[in-house]
2 protein chains.
Amino acid sequence: MEVTGHMPAQDAPRARSASIWDVARVAGVSQQTVSRVINGKARVSEATRARVLQVIAELGYRPNRLAQALAGGPVRSVTVLTSDTALYGAAATLRGMEEAARTAGFSVGISVLERTSGQADIALRLNRPGEAVMVIAFDDAGVRALRALPADVPVAAAVERRPDDGPDDPWQVWLDDRAAAAHATRYLLGLGHRTVHYVAIPSSTSALPQRTQGWQDALRAAGRPVPEPLPGGWSPRSGYLAVRSLLADRSVTAVLCGNDDLALGVMRAAREAGRDIPGDLSVVGFDDSPPSAYLNPSLTTVRLDFEGLGRACFGLLHRRLDPQNAPAVPAWSEPELIVRESSGPAPA
Amino acid sequence: MEVTGHMPAQDAPRARSASIWDVARVAGVSQQTVSRVINGKARVSEATRARVLQVIAELGYRPNRLAQALAGGPVRSVTVLTSDTALYGAAATLRGMEEAARTAGFSVGISVLERTSGQADIALRLNRPGEAVMVIAFDDAGVRALRALPADVPVAAAVERRPDDGPDDPWQVWLDDRAAAAHATRYLLGLGHRTVHYVAIPSSTSALPQRTQGWQDALRAAGRPVPEPLPGGWSPRSGYLAVRSLLADRSVTAVLCGNDDLALGVMRAAREAGRDIPGDLSVVGFDDSPPSAYLNPSLTTVRLDFEGLGRACFGLLHRRLDPQNAPAVPAWSEPELIVRESSGPAPA
DNA sequence: CTGAAAGCGCTAACAG
DNA sequence: CTGTTAGCGCTTTCAG
């Protein structure tokens with residue numbers, strides 16, 4: 001009784017799903033030919049190709065991506081490193097990345113960074129040394145992860161701001177929220193407000209965050225007093241706490257917020273302080289998160305194209321991995337001020 | 001000139017990261033012993049173990065998960081199938097799943113279902129036939145994906161409601177929002193409202209959704225009229241449109257909404273119709289999404305423990321994959337009515 | 001306790 | 001155009 005090397009015993013019909021060998025055997029071709037059909041790279045005669053595809057369908061064969069990758073096939077998976085997906089910006093960026101990656105045939109992994117997570121374990125989250133990575137580095141945890149990544153991993157990142165010094169990193173994308181913050185500030189000054197206060201989101205760098213800087217730019221250019229930025233967090237609660245005492249001062253008539261959640265907290269604090277929005281106080285947010293158009297009052301805010309940024313970030317990575325065939329990196333929209341009900345002329 | 005089989009030419013120092021063989025060679029042990037140390041399964045003498053660990057650190061060796069999995073190692077990866085992560089419920093569930101999975105040492109992949117995505121390509125999203133999967137099946141796309149999954153893939157799912165007929169699926173988890181909807185409805189009736197209107201989220205099944213059913217339960221039990229449920233979508237806009245005409249009718253004094261976004265739209269419609277909340281009209285939402293506590297007025301809503309549900313779903317999957325060692329499935333919180341400013345006594 | 005051998009499913013050379 | 005031969009890095013047998 002002879003048994004060919006590769007075939008498992010016939011009487012043990014383990015429910016193992018079809019492999020490339022099964023397809024090859026049934027189709028009466030070599031395993032390599034099946035591989036060729038799958039990848040469409042090399043030319044295969046139309047007859048064989050059809051037969052192989054036929055068998056593939058019959059057997060319900062699905063290529064094993066792990067084996068493909070292990071055998072040195074092209075990289076077709078990315079891991080996204082991000083912190084706190086509860087935040088609108090990160091979540092929307094993630095959506096953009098996932099969509100673009102999936103469309104390009106990549107499988108995407110996700111790993112959430114905790115505030116506490118050290119640098120050491122970052123590499124351990126990758127499925128293999130050198131796996132492609134995207135980092136959403138809007139906050140400190142993300143920036144640290146980006147920095148902790150071994151040099152040999154192909155990475156692209158969505159960051160809060162352009163690098164502090166030296167040339168731009170060609171593998172990073174960001175939104176020009178400095179200009180946007182300046183624009184929003186000028187808009188408020190144009191409404192007759194003497195100055196604008198700013199509630200800041202936490203910074204990802206030691207340097208001055210972009211939004212803070214843009215706000216200062218505009219005030220300085222207009223020769224207005226520049227108040228201390230109010231340190232806020234990411235939540236409505238932190239916005240509420242940041243301005244609660246400030247709002248007793250009726251000379252404060254305009255507040256720009258680092259994000260829409262902060263603005264939500266600020267509006268609540270205003271209500272409790274008996275300030276009317278926008279009659280008494282103008283509030284402007286940042287992000288244009290989905291609820292903002294329906295708030296009471298609806299929120300004037302800066303729309304940021306996070307999804308577009310995420311798509312672009314993947315586009316960058318794709319070009320890095322496969323400069324020959326990757327399509328051009330898609331553009332993303334410029335920030336745009338959306339004027340709604342929460343802002344108006346300064347009180348007389 | 002002789003070249004040993006396994007070693008690449010010395011003069012071509014390709015930056016290939018250290019493999020288990022490299023560790024073995026440097027440590028002067030067999031490759032298998034290194035494997036034993038890594039996995040901690042079999043016993044290794046303390047001396048060798050220490051030496052191996054030492055070398056691992058020196059070389060910066062990291063196991064290749066792909067190779068581990070391919071070689072038949074234990075399954076340590078899951079992919080999550082979900083639709084529209086822009087929705088709070090899905091996003092929060094995803095967070096819970098990811099956290100639990102990562103904590104248990106699993107890498108997690110994510111693949112977003114589109115409304116249009118057919119059943120055929122579902123299996124193609126998996127990294128290998130038989131990969132473990134979690135499905136967030138709160139809507140139709142998720143339910144279809146769950147159904148389309150090949151029988152041999154180990155799956156656990158977070159679903160909108162218990163299966164229509166037959167016994168509960170032991171690999172599914174859900175929130176008891178039927179009871180919660182009934183509770184919220186009774187609360188409103190207790191406030192003196194004659195009846196309660198309901199703006200529904202889209203259903204994932206042909207059967208009556210849980211929330212709708214709970215709302216009807218409570219009205220019937222109290223012998224009140226049961227209005228037609230108003231079909232809504234997921235967005236504030238759809239809530240706005242659903243009730244715009246209805247609110248002209250002053251006899252409508254209480255509206256329960258299938259989620260907080262709908263409630264947001266309803267509140268805006270109410271404002272435009274000149275209705276006062278809660279003096280004139282009570283609005284109750286569902287989910288307790290982050291902004292709801294800070295809205296104007298703040299929203300009475302049903303808090304749902306999506307993150308806990310996600311963690312439990314992973315716990316279930318873990319037990320399915322490894323019944324021996326997986327810890328008990330963590331419990332999640334019961335829905336809870338959070339009373340805030342948007343609801344009050346019926347107008348006189 | 002340790003080592004040697006045989007693959008996991010696939011792709012990348014090479015032959016024909 | 002097609003088949004053959006090596007591995008990818010690891011885990012599982014099976015022998016010592």
Side-chain angles (χ1 to χ4, degrees), chain A residues 3-9 12 14 16-25 27-52 56 59-77 126-131, chain B residues 3-9 14 16-25 27-52 56 59 61-77 126-131:
Chain A
V3 175
T4 35
H6 247 88
M7 305 236 305
R14 281 236 312 270
R16 160 122 96 269
S17 61
S19 85
I20 200 172
W21 281 99
D22 301 321
V23 177
R25 188 167 34 73
V29 297
S30 89
Q31 170 266 150
Q32 178 54 224
T33 298
V34 179
S35 171
R36 287 178 180 118
V37 172
I38 294 170
N39 298 306
K41 289 276 186 190
R43 335 209 52 122
V44 179
S45 82
E46 199 42 61
T48 16
R49 150 180 245 83
R51 186 148 35 88
V52 168
I56 285 180
L59 266 46
Y61 163 77
R62 301 286 162 232
N64 182 327
R65 290 179 176 237
L66 266 52
Q68 287 180 319
L70 183 59
V75 182
R76 275 187 155 357
S77 70
L126 307 184
N127 287 321
R128 61 169 162 183
E131 175 171 39
Chain B
V3 176
T4 37
H6 245 88
M7 305 235 305
R14 280 236 314 271
R16 161 121 97 268
S17 61
S19 86
I20 200 172
W21 282 99
D22 301 321
V23 176
R25 187 166 36 71
V29 296
S30 87
Q31 169 266 153
Q32 177 52 224
T33 298
V34 178
S35 171
R36 286 179 180 116
V37 171
I38 294 170
N39 298 305
K41 289 275 186 190
R43 334 207 55 120
V44 179
S45 82
E46 199 42 61
T48 17
R49 151 180 245 83
R51 186 149 34 89
V52 169
I56 285 180
L59 265 47
Y61 164 77
R62 300 289 160 229
N64 182 326
R65 291 179 176 235
L66 267 52
Q68 287 179 318
L70 183 58
V75 182
R76 281 197 149 349
S77 70
L126 307 183
N127 286 322
R128 60 171 161 183
E131 176 171 38

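Letters A, B, ... mirror the listed sequences (proteins, then strands); counts begin at 1. Nothing here was measured: the structure is a model prediction, and the numbers come from that model.
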Colleague: Can you see if the side chain of Ser45(A) gets near the phosphate of dT2(D) - specifically, an N or O under 4.0 Å from OP1 or OP2?
Modeller: yes
Colleague: Residues in side chain to side chain contact (heavy atoms under 4.5 Å, CB included) with Thr48(A), at least two apart?
Modeller: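 Scan of Thr48(A) (side chain to side chain contact (heavy atoms under 4.5 Å, CB included), adjacent residues dropped) gives Val29(A), Val44(A), Ser45(A), Arg51(A).
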Colleague: Residues in side-chain hydrogen bond (donor to acceptor under 3.5 Å, both in side chains) with Ser19(B), at least two apart?
Modeller: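 With sequence neighbours excluded, Ser19(B) shows a side-chain hydrogen bond (donor to acceptor under 3.5 Å, both in side chains) to no residue whatsoever.
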Colleague: Not counting sequence neighbours, which residues clear side-chain hydrogen bond (donor to acceptor under 3.5 Å, both in side chains) with Asn64(A)? List them please.
Modeller: none
Colleague: Within this structure, what is the CD1-CZ distance for the pair Ile38(A) and Arg49(A), rounded to the nearest 0.5 Å?
Modeller: 11.0 Å
Colleague: Would you say Thr48(B) reaches dT2(C)'s phosphate, i.e. side-chain N/O to OP1/OP2 under 4.0 Å?
Modeller: yes
Colleague: Pick the nucleotide of DNA chain C nearest each of Arg43(B) and Ala67(A); which residue has the one closer to the 5' end?
Modeller: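 First, find each residue's nearest nucleotide; the 5'-ward one identifies Arg43(B).
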Colleague: Under the side chain to side chain contact (heavy atoms under 4.5 Å, CB included) test, which residues partner Ala18(A), sequence neighbours left out?
Modeller: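 By the side chain to side chain contact (heavy atoms under 4.5 Å, CB included) rule, Ala18(A) matches Asp22(A), Leu59(A), Tyr61(A).
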Colleague: Using the side-chain heavy atoms of Tyr61(A), tell me which of these nucleotides is nearest: dC10(C), dC10(D), dG3(C).
Modeller: dC10(C)
Colleague: So, is Thr33(A) close to the dG3(D) phosphate, meaning a side-chain N or O under 4.0 Å from OP1 or OP2?
Modeller: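 Yes.
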Colleague: Under the rule for side-chain hydrogen bond (donor to acceptor under 3.5 Å, both in side chains), what residues qualify as partners of Glu131(B), not counting sequence neighbours?
Modeller: Ser77(B)
Colleague: Mind calculating the distance between CG (Leu70(A)) and P (dG7(C)) to the nearest angstrom?
Modeller: 17 Å
Colleague: If you check the Ser30(B) side chain, which of dC10(D), dA4(C), dG3(D) turns out closest?
Modeller: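 Minimum distance to the Ser30(B) side chain belongs to dA4(C).
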Colleague: Find every protein N or O atom lying less than 3.5 Å from an N or O atom of nucleotides 12-16 of chain D, and list the pairs.
Modeller:
from    : atom 1 : to       : atom 2 : distance (Å)
dT12(D) : O4     : Gln32(B) : NE2    : 2.2

